[in-house]
Amino acid sequence: MLHPWRVQGRPRPADHARGGREHGHAGPGDRLGRRPPPPPRLRRPRRRSALPVVLRHHTAQRFAPDLLADRDIARVDRRFPALTVLTLLAPALIGGLATMSWSGAVTVFFWASLVRVAVLHHVTWSVNSLCHLIGDRPYAARDKSANFWPLAIASMGESWHNSHHADPTGARHGVRRGQLDISARIIWLFEKAGWATDVRWPKPERLADKLNPGYAPGLGRGVRDPR
Ligand SMILES: [Zn+2]
């Protein structure tokens with residue numbers, strides 16, 4: 001569950017980003033700081049396109065044209081139905097083969113497919129709901145976004161949501177002392193390996209400008225470019 005939209009060149013499916021943008025994230029630009037290019041000419045829908053597909057494509061065109069224009073992400077986006085089937089059935093297959101039983105297949109399907117996907121979705125939605133209701137607000141943001149520590153590990157750092165809204169393009173959301181941000185660490189590793197480029201690490205001076213009264217700067221070590 002790496003959140004590669006924090007890194008240039010490694011985006012995630014357009015739908016995902018679209019969800020965030022509809023929710024008011026990252027405004028017209030995204031976390032990469034890029035503003036979307038003007039929407040490309042709409043392709044004529046294929047004959048077999050059902051209405052939901054057309055609507056979905058239209059929404060993605062509206063909210064994430066830059067991501068749709070990205071070759072890698074378009075490829076993942078196109079294969080999303082097949083990937084969904086794979087991610088649900090592969091655990092069941094492994095469970096069945098490992099135990100050579102149907103009950104093994106069903107048990108693993110329940111925990112490793114259904115429960116896993118349900119938990120993932122609930123964590124994601126919680127970031128966009130709970131993290132606008134409760135938590136700490138060290139930075140000024142135009143919304144009620146808050147840093148909610150209980151979700152830090154489950155959300156891999158996304159629940160430092162106040163910091164995210166204060167500095168939407170930052171690759172690290174856990175900018176304050178002691179705030180664990182697993183995604184930021186993975187991005188850092190990818191950067192070291194040369195797979196991620198132009199990573200936007202948070203700038204202390206930018207964060208200092210947005211500090212709410214009563215809060216000490218309290219920035220963590222990882223805030224400065226860790227290279
Ligand atoms: Zn939010």
Side-chain angles (χ1 to χ4, degrees), residues 1-8 10-36 56 59-68 73 77 117-187 199-204 206-215 218-220 222-223:
M1 202 179 92
L2 168 63
H3 297 281
W5 71 91
R6 297 200 219 173
V7 183
Q8 187 145 15
R10 296 286 108 193
R12 61 179 185 166
D15 268 356
H16 240 141
R18 189 202 72 203
R21 290 175 189 185
E22 283 168 325
H23 161 68
H25 281 198
D30 56 15
R31 296 188 204 210
L32 316 178
R34 301 179 297 190
R35 284 183 176 269
R56 181 185 156 279
T59 319
Q61 282 286 0
R62 183 171 161 204
F63 287 99
D66 51 333
L67 296 184
L68 284 180
I73 201 165
D77 199 46
V117 172
V119 168
L120 171 70
H121 281 153
H122 276 83
V123 170
T124 306
W125 293 327
S126 295
V127 166
N128 290 333
S129 56
L130 271 181
C131 296
H132 280 267
L133 290 172
I134 38 175
D136 201 28
R137 298 184 175 91
Y139 299 108
R142 279 179 302 173
D143 43 62
K144 291 191 152 183
S145 56
N147 289 339
F148 186 55
W149 68 264
L151 278 175
I153 290 177
S155 69
M156 294 178 76
E158 291 301 307
S159 77
W160 306 120
H161 205 55
N162 175 256
S163 308
H164 161 53
H165 276 262
D167 188 15
T169 58
R172 168 176 284 277
H173 300 339
V175 291
R176 297 177 69 76
R177 199 164 293 136
Q179 293 184 338
L180 196 65
D181 188 330
I182 301 170
S183 299
R185 182 49 59 165
I186 294 174
I187 292 168
V199 179
R200 288 161 196 263
W201 296 108
K203 294 197 169 67
R206 188 179 149 98
L207 289 163
D209 283 348
K210 300 204 165 180
L211 203 63
N212 274 330
Y215 282 91
L219 295 173
V223 174

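Atom set for the values below is all heavy atoms of this structure, side chains included, hydrogens, waters and symmetry mates excluded. We count residues from 1, following the sequence as given. Whatever order the structure lists them in is the order used to number ligands and atoms, beginning at 1.
Checking side-chain atoms of Asn147 against main-chain N and O of Asn162 turns up a donor-acceptor pair under 3.5 Å. Proximity of a side-chain donor or acceptor of Ser159 to a complementary backbone N or O of Phe148 within less than 3.5 Å is detected.
Here the angle at the Zn ion (ligand 1) defined by NE2 in His165 and NE2 in His161 stands at 90°, rounded to 10 degrees.
Not a single N/O/S atom of Cys131, whether from backbone or side chain, sits less than 2.8 Å from the Zn ion (ligand 1). The distance from the Zn ion (ligand 1) to the nearest N/O/S atom of His132 is under 2.8 Å.
The shortest heavy-atom contact between Asp167 and Lys203 is OD2-N, 4.2 Å.
The number of heavy atoms from other shown groups lying within 6.0 Å of CD1 (Ile153) does not exceed 12.
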